[in-house]
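Working notes, structure below.
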Amino acid sequence: MKSKIEAARLQFETDLAKATTSEEIENLRIAFLGKKGLITDLLKGLKDVSVEEKKEIGKDVNILKGFVAKSIEEKQTELKKAEQEAKLKSAKCYDITAPDNLELGTLHPISLVQREVEKVFVSMGFTIEDFSEIVDDYSNFEALNIPKHHPARDMQDTYYLDNGQLLKTHTSAAQNAIMKKYGAPLRVIFPSRCFRNESIDASHENTFFQMEGIMIDEDISISNLIYFMKTLLSEVFKRDVKVRLRPGFFPFVEPGFELDINCEICGGEGCPTCKHSGWIELCPCGMIHPNVLIEGGIDPEKYTGFAFGLGLTRLAMMEYGIKDIRVLNSGNLKALTQFDTRNI
Ligand code: PHE
């Protein structure tokens, strides 16, 4: 019996030295201390030894049992620590407080394009501004040369609050406040969620994202506007994208344009996303109307500027080949989590 105890101790020591993962240690624990384990067997064997021997041998088995339990616990702690340290070293982003096996989220496709566009504009000297989603009639319309009863308001019906405020219909609603805050010269982009009372279909949503940009300085012209737009699109699509500029009417710009891009979904052949025209309206833009500059406290005799209202939602659809706008607000993780390729 004594030699059995010694053999068990030796075997345990060899096995313990070989174990390198917490799983292997756990197996070792079961092999020695489990119901059918070696030490349990030894304890059971005590019934066969004489009464005199029982005391001494029993003590030896218990000492071994204590030794095995303690060694396993120590090794387990040591290994867990090493495993965590290895994980910490290999992970790019590791939150030590997060529960194990936490599945990290991904960025929404609109956030992805928003960041991409922001990066391009920041590299060209623009700053990024934020503005509320609930605005007053003045910011959304009046300050933008859209007086009450102007027909341009028909295109931008929205949701009104009881106190007369409204959910902003376009990012242009922030133009006036930003001009007043910073004055000229000025280079700013301001992304936001916008809302309109729309019938929803493959390319229309009542809730969508835009990225507005304004640049105001001496001698700013349409050429500057075209340059910035082309730079942006070639950076985002990583190739030359076909665009067309057509006249477009917006009371807050003069002249005003619609910048369309070739539909990336059908390659220009025509599909439901582009309403079978082959073109997608992506970026209405124009030279800021003098009335809007005056309202923003900027002298139109000295300064000129351009403004654009990039459809971020549409851009995301084009970039990622998303055919139906409704997917973007759907919360459908299967669809929405496939675009974030950052290694997180
Ligand atoms: N705010 C306009 C819209 O959403 C777009 C626009 C912005 C047009 C800036 C011209 C200049 O319809």
Side-chain angles (χ1 to χ4, degrees), residues 110 114 117 121 126 128-129 131-133 135-147 150-159 166-179 186-198 203-216 220-229 232-233 243-261 279-293 295-296 298 300 303-317 325:
I110 293 182
Q114 180 182 324
V117 174
F121 277 103
F126 283 71
I128 307 168
E129 277 290 312
F131 198 64
S132 52
E133 290 174 352
V135 296
D136 54 18
D137 189 272
Y138 174 79
S139 315
N140 204 79
F141 297 120
E142 300 268 340
L144 291 167
N145 209 23
I146 314 176
H150 191 290
R153 289 195 180 208
D154 292 351
M155 305 279 294
Q156 305 207 0
D157 187 18
T158 181
Y159 304 90
L166 50 116
L167 298 190
K168 74 169 154 201
T169 60
H170 51 177
T171 39
S172 308
Q175 278 194 17
N176 183 265
I178 290 172
M179 285 181 204
L186 182 63
R187 283 185 199 200
V188 202
I189 48 168
F190 32 111
S192 176
R193 181 164 28 199
C194 302
F195 309 85
R196 285 189 203 178
N197 183 4
E198 287 273 2
S203 54
H204 293 88
E205 248 289 7
N206 54 26
T207 306
F208 54 97
F209 286 80
Q210 291 187 337
M211 164 85 74
E212 185 107 353
I214 51 178
M215 178 170 182
I216 302 171
I220 295 292
S221 72
I222 296 170
S223 331
N224 298 102
L225 168 63
I226 294 172
Y227 167 78
F228 279 103
M229 291 294 88
L232 168 74
L233 293 172
V243 296
R244 70 174 185 189
L245 212 57
R246 8 177 218 114
F249 174 72
F250 304 93
F252 40 96
V253 286
E254 181 56 38
F257 306 100
E258 287 283 2
L259 187 137
D260 300 341
I261 67 164
W279 293 94
I280 295 271
E281 273 179 27
L282 184 69
C283 189
C285 50
M287 300 304 293
I288 301 174
H289 196 290
N291 289 353
V292 176
L293 289 174
E295 201 63 36
I298 292 172
Y303 293 105
T304 47
F306 66 73
F308 62 85
L310 184 67
L312 264 191
T313 298
R314 294 228 172 124
L315 189 59
M317 291 171 73
I325 196 170

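Order of listing sets the numbers, starting from 1, for every ligand and every atom in it.
Residue E212 approaches ligand 1 through these ligand atoms, each under 4.0 Å from one of its heavy atoms: 7 (C), 9 (C). Here is the list of ligand 1 atoms found below 4.0 Å of a heavy atom in F252: 1 (N), 2 (C), 6 (C), 7 (C), 8 (C), 9 (C), 10 (C), 11 (C).
Side chains of L144 and P251 form no contact here, defined as non-hydrogen atoms less than 4.5 Å apart. Using a 4.5 Å cut-off on side-chain heavy atoms (C-beta onward), F190 and I214 make contact. The shortest side-chain heavy-atom distance between Y159 and N197 falls under the 4.5 Å cut-off. Proximity of F308 to F228: side-chain heavy atoms (C-beta onward) are nowhere separated by under 4.5 Å. Within the 4.5 Å cutoff, side-chain heavy atoms of P255 are placed close to those of I222. Put simply, the side chain of M155 does not reach to within 4.5 Å of the side chain of R196, judged on heavy atoms. Contact annotation: the side chain of H170 approaches that of F252 to within less than 4.5 Å [non-hydrogen atoms, C-beta and beyond].
Ranking protein heavy atoms by distance to atom 7 (C) of ligand 1, first place goes to G309 N, 3.4 Å. In this structure, the protein non-hydrogen atom closest to atom 5 (C) of ligand 1 is P284 CG, 3.5 Å. Among all protein heavy atoms, the one lying closest to atom 11 (C) of ligand 1 is A307 O, 3.5 Å.
Within the structure, ligand 1 lacks M155 among the residues with a heavy atom less than 4.0 angstrom away. Heavy atoms of G256 stay at 4.0 angstrom or farther from ligand 1.
At a heavy-atom cutoff of 4.0 Å, ligand 1 is contacted by the side chain of S172 but not by its backbone. When non-hydrogen atoms are compared, ligand 1 lies under 4.0 Å from the side chain of R196 (C-beta onward) but not from its backbone.
For ligand 1, the polar-atom distance check finds an N/O of Q210 within less than 3.5 Å of one of the ligand's N/O atoms. On a distance-only criterion, Q175 and ligand 1 share no N/O pair closer than 3.5 Å.
Heavy atoms of other residues, nucleotides or ligands lying less than 6.0 angstrom from OH of Y227 number 12 at most.
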